Participant: 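Below are the structure tokens for one structure; questions will follow.
We use all heavy atoms of the structure for the numbers below, so side chains are in, but hydrogens, waters and symmetry mates are not. All values derive from a computational prediction rather than experimental measurement. In each ligand, atom 1 is the first atom listed, and ligand 1 is the first ligand listed.
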Amino acid sequence: MNILVTGGVGFIGSHTALILLQAGHNVVVLDNLCNSSVETLNRVSQLIGRKPVFVQGDIRDCEMLDRLFLKHSVDAVLHFAGLKAVAESVAQPLRYYDNNVHGSQVLLQACADAGVFNFVFSSSATVYGEPAQMPISEACPVGQPTNPYGRSKLMVEEMLRDVAASDPRWRIAILRYFNPVGAHKSGLMGEDPNGIPNNLLPYIAQVAVGKLQQLAVFGDDYPTADGTGVRDYIHVMDLAEAHLRALEALYTRTGAHVWNLGTGRGYSVLEMVRSFEAASGKPVPYRIAPRRPGDIAACYADPAKAERELGWKAQRGLDEMMRDAWLWQSMNPDGFR
Ligand code: NAD
Ligand code: UD1
């Protein structure tokens, strides 16, 4: 298949592009590089001797999209492009709605105009808001996300359901990621956040490598086993493989379908610290800090639907996530720069 991967230079998109190429697909990556470096694609080529076609551009540019669809005979779109920093979304909500919601709308229109109806969207467990039950299955109602980033994901999900209902040709997968971490096992590709990381694992990794002094653990008074927040961390390569399975699942399904992508197992912040120390052999000093506004105590997936319908189950455990994250961080202390 000819697959357009928007945001394919970013963390999850680049690992997925690699998997797609390895599976024999042709890949066109569209990215405006607002949060990534093209060096990522050189690493893909270094690893597998093939590189996606790269188009530098913005998903909101409808004329460019029309040309791209025409030129590359696209069969399916994997839509990763988006802004994802929660605090930034609170400060700049219009930028987030423009990029994530309006951007997705322009992209969907271009797909429809080009007759491309296979579409996979990167959503997030954040759409469940404060979950009513644990583990979280797709049958749980979506909640009220606590920030504009989360609301932008929910709005796109709703747009996709409306679009699917309007025309039976659409085949749409909405993938709700839990907490993606880790890196390619070579240490050549991984997560390269701009500035000081917001997410736990990149922060821990930068403390271990000596770039940051100390981790602030946001709260130790949650109703969890050790009082710190519990999340479902999933290896980025497992996540990437799930996209291939989702594309295949759309061969036999029309309409819009939701799948959780998690492991089903939650780990606390302190378990993550200890596990990273064991994998890296480096100390990760930390202090207990106040809770971060908007955080919830625990969040982990019921991944049974993905196993049943996609034939996909996360294969990599916490040790592997930590080992690969550390290899990437220690080989590339300054990321792709
Ligand atoms: P990322 O920032 O590494 O990758 C996103 C890519 O999209 C970047 O390369 C960026 O340059 C590009 N981009 C952004 N806006 C664009 C636009 N208007 N036009 C073209 N390119 C644009 O992020 P990621 O972690 O790889 O996340 C990928 C997707 O998965 C995002 O939609 C994100 O919201 C979603 N998601 C991520 C997580 C996570 O923890 N990483 C969790 C749940 C969902
Ligand atoms: C965050 C986002 C969520 C997004 C997800 C994946 C918030 C409120 N939510 O979720 O919308 O989908 O990332 O990108 O930002 N922690 C610390 N110290 C740190 C960083 C994190 O103790 O320096 C704790 C957090 O309190 C949490 C856990 O580590 O308990 C994981 O945090 P993080 O990696 O930011 O992910 P989420 O909070 O799940």
Side-chain angles (χ1 to χ4, degrees), residues 5-16 29-38 40 55-61 64-65 78-90 95-96 98-100 102-104 106-107 121-129 145-153 156 175-181 190-194 196-204 206-207 212 214-220 222 224 228-234 236 239-240 261 266-270 272-273 286-300:
V5 180
T6 75
V9 186
F11 174 44
I12 307 167
S14 61
H15 288 79
T16 306
V29 162
L30 170 66
D31 200 302
N32 67 3
L33 303 180
C34 71
N35 196 36
S36 51
S37 154
V38 269
T40 316
V55 178
Q56 184 170 350
D58 195 293
I59 52 166
R60 292 163 294 185
D61 182 346
M64 177 276 300
L65 286 174
L78 266 55
H79 177 32
F80 296 91
L83 301 175
K84 62 165 185 177
V86 171
E88 190 180 68
S89 80
V90 174
R95 191 170 152 235
Y96 271 67
D98 181 42
N99 200 79
N100 294 2
H102 172 62
S104 298
V106 172
L107 177 65
F121 175 59
S122 300
S123 189
S124 166
T126 195
V127 300
Y128 292 112
T146 52
N147 53 71
Y149 164 70
R151 281 189 280 279
S152 76
K153 288 285 159 191
V156 176
L175 304 180
R176 292 180 180 154
Y177 311 157
F178 280 67
N179 290 59
V181 296
E191 189 170 8
D192 182 17
N194 270 334
I196 296 178
N198 299 306
N199 295 119
L200 180 65
L201 197 61
Y203 203 106
I204 291 179
Q206 293 197 13
V207 172
L212 295 170
Q214 190 182 49
L215 172 73
V217 174
F218 297 144
D220 66 350
Y222 284 106
T224 60
T228 66
V230 168
R231 297 289 185 277
D232 184 341
Y233 298 93
I234 175 167
V236 66
L239 201 58
L261 298 180
Y267 290 98
S268 75
V269 176
L270 294 182
M272 294 294 282
V273 168
Y286 67 85
R287 70 185 163 86
I288 304 298
R291 291 182 178 194
R292 181 172 64 181
D295 271 0
I296 55 177
C299 173
Y300 51 94

Participant: Pairs of nitrogen or oxygen atoms closer than 3.5 Å, one from Asp295 and one from ligand 2: do any exist?
Facilitator: yes

Participant: Does any non-hydrogen side-chain atom of Ile234 lie less than 4.5 Å from one of Tyr177?
Facilitator: no

Participant: Which of the atoms of ligand 2 are close to Ser124, meaning less than 4.0 Å from one of its heavy atoms?
Facilitator: 12 (O)

Participant: Need the ligand 2 atom indices (1-based, order shown) with element for anything under 4.0 Å from a heavy-atom of Leu215.
Facilitator: 18 (N), 19 (C), 23 (O)

Participant: Counting heavy atoms only, which of Asn179, Val181, Val90 comes nearest to atom 36 (O) of ligand 2?
Facilitator: Asn179

Participant: Identify, by atom number and element, the atoms of ligand 2 in contact range of Asn198, meaning under 4.0 Å from any of its heavy atoms.
Facilitator: 20 (C), 35 (O)

Participant: Given side chains that start at C-beta, do those of Ser14 and Val9 come closer than 4.5 Å, heavy atoms only?
Facilitator: no

Participant: For ligand 2, indicate whether the residue Thr126 contacts it via side chain, backbone, both or neither (heavy-atom separation under 4.0 Å).
Facilitator: side chain

Participant: Taking distance alone, with no angle check, do Asn199 and ligand 2 share an N/O pair under 3.5 Å?
Facilitator: yes

Participant: Output yes when the distance from some N or O of ligand 2 to some N or O of Phe218 is under 3.5 Å, and no in every other case.
Facilitator: yes

Participant: When you measure from atom 4 (C) of ligand 2 to every protein heavy atom, which one gives the shortest distance, and what is it?
Facilitator: Tyr149 CE2, 4.2 Å

Participant: What pair of heavy atoms forms the shortest contact from Phe80 to Gly7, and how long is it?
Facilitator: CB-O, 4.1 Å

Participant: Please state whether Gly150 comes within less than 4.0 angstrom of ligand 2, counting heavy atoms only.
Facilitator: no

Participant: Using a 4.0 Å heavy-atom cut-off, which part of Ala216 comes near ligand 2: side chain, backbone, both, or neither?
Facilitator: backbone

Participant: Which bit of Thr146 gets closer than 4.0 Å to ligand 2, counting heavy atoms only: side chain, backbone, both or neither?
Facilitator: neither

Participant: Heavy-atom cut-off of under 4.0 Å around ligand 1: list whichever protein residues fall inside it, by chain and number.
Facilitator: Gly7, Val9, Gly10, Phe11, Ile12, Asp31, Asn32, Leu33, Cys34, Asn35, Ser36, Gly57, Asp58, Ile59, Arg60, Phe80, Ala81, Gly82, Lys84, Asn99, Ser122, Ser123, Ser124, Tyr149, Lys153, Tyr177, Pro180

Participant: Has Tyr233 got any heavy atom lying under 4.0 angstrom from an atom of ligand 2?
Facilitator: yes

Participant: Report the part of Leu200 (side chain from C-beta onward, or backbone N, CA, C, O) that has a heavy atom under 4.0 Å from ligand 2; answer both or neither where that applies.
Facilitator: both

Participant: Heavy-atom contact check, 4.0 Å cutoff: does Arg292 meet ligand 2?
Facilitator: yes

Participant: Would you say that Asp98 contacts Arg60 through its side chain, given a criterion of any heavy-atom pair below 4.5 Å between the two side chains?
Facilitator: yes

Participant: Quick one: side chain to side chain contact (heavy atoms under 4.5 Å, CB included) partners of Ala216, sequence neighbours excluded?
Facilitator: Phe218, Arg287, Ala289

Participant: Check whether the side chains of Tyr222 and Thr228 place a donor and an acceptor atom closer than 3.5 Å, and report yes or no.
Facilitator: no

Participant: For a 4.5 angstrom cut-off between non-hydrogen side-chain atoms, does Thr224 reach Ser268?
Facilitator: no

Participant: Measure the OG1-CG distance between Thr146 and Asp295 for me, rounded to the nearest 0.5 Å.
Facilitator: 8.0 Å

Participant: To which protein heavy atom is atom 3 (C) of ligand 2 closest, and what is the distance rounded to 0.1 Å?
Facilitator: Val86 CG2, 4.0 Å

Participant: Report yes if some heavy atom in the side chain of Tyr300 is under 4.5 Å from a heavy atom in the side chain of Val230; otherwise report no.
Facilitator: yes

Participant: Tell me which part of Val230 gets within contact of ligand 2: side chain, backbone, both or neither, using heavy atoms under 4.0 Å.
Facilitator: neither

Participant: Are Ile196 and Tyr203 side-chain neighbours, meaning at least one heavy-atom pair lies under 4.5 Å?
Facilitator: yes

Participant: Would Tyr203 count as a polar contact of ligand 2, with the cut-off being nitrogen or oxygen pairs under 3.5 Å?
Facilitator: no

Participant: Going by atom types only, do Glu88 and Tyr96 share a side-chain donor-acceptor pair under 3.5 Å?
Facilitator: yes

Participant: For atom 37 (P) of ligand 2, state which one of Lys153, Arg231, Met272 supplies the nearest heavy atom.
Facilitator: Arg231

Participant: Check the side chains of His79 and Ser104 for a donor-acceptor pair under 3.5 angstrom, ignoring hydrogens and angles.
Facilitator: yes

Participant: Got the closest protein heavy atom to atom 24 (C) of ligand 2, with its distance?
Facilitator: Val269 CG2, 3.6 Å

Participant: What atoms of ligand 2 come within less than 4.0 Å of a heavy atom belonging to Val217?
Facilitator: 22 (O)

Participant: Taking the side chain as every heavy atom from C-beta outward, state whether Val217 and Leu270 have any atom pair closer than 4.5 Å.
Facilitator: yes

Participant: Closest approach of Pro180 and Ile12, non-hydrogen atoms and distance?
Facilitator: CG-CD1, 3.8 Å

Participant: Distance under 6.0 Å and angle within 45° of the ring axis: does Arg231 meet both against Phe178?
Facilitator: no

Participant: So, do Asn35 and Leu83 sit near enough that their side-chain heavy atoms are less than 4.5 Å apart?
Facilitator: no

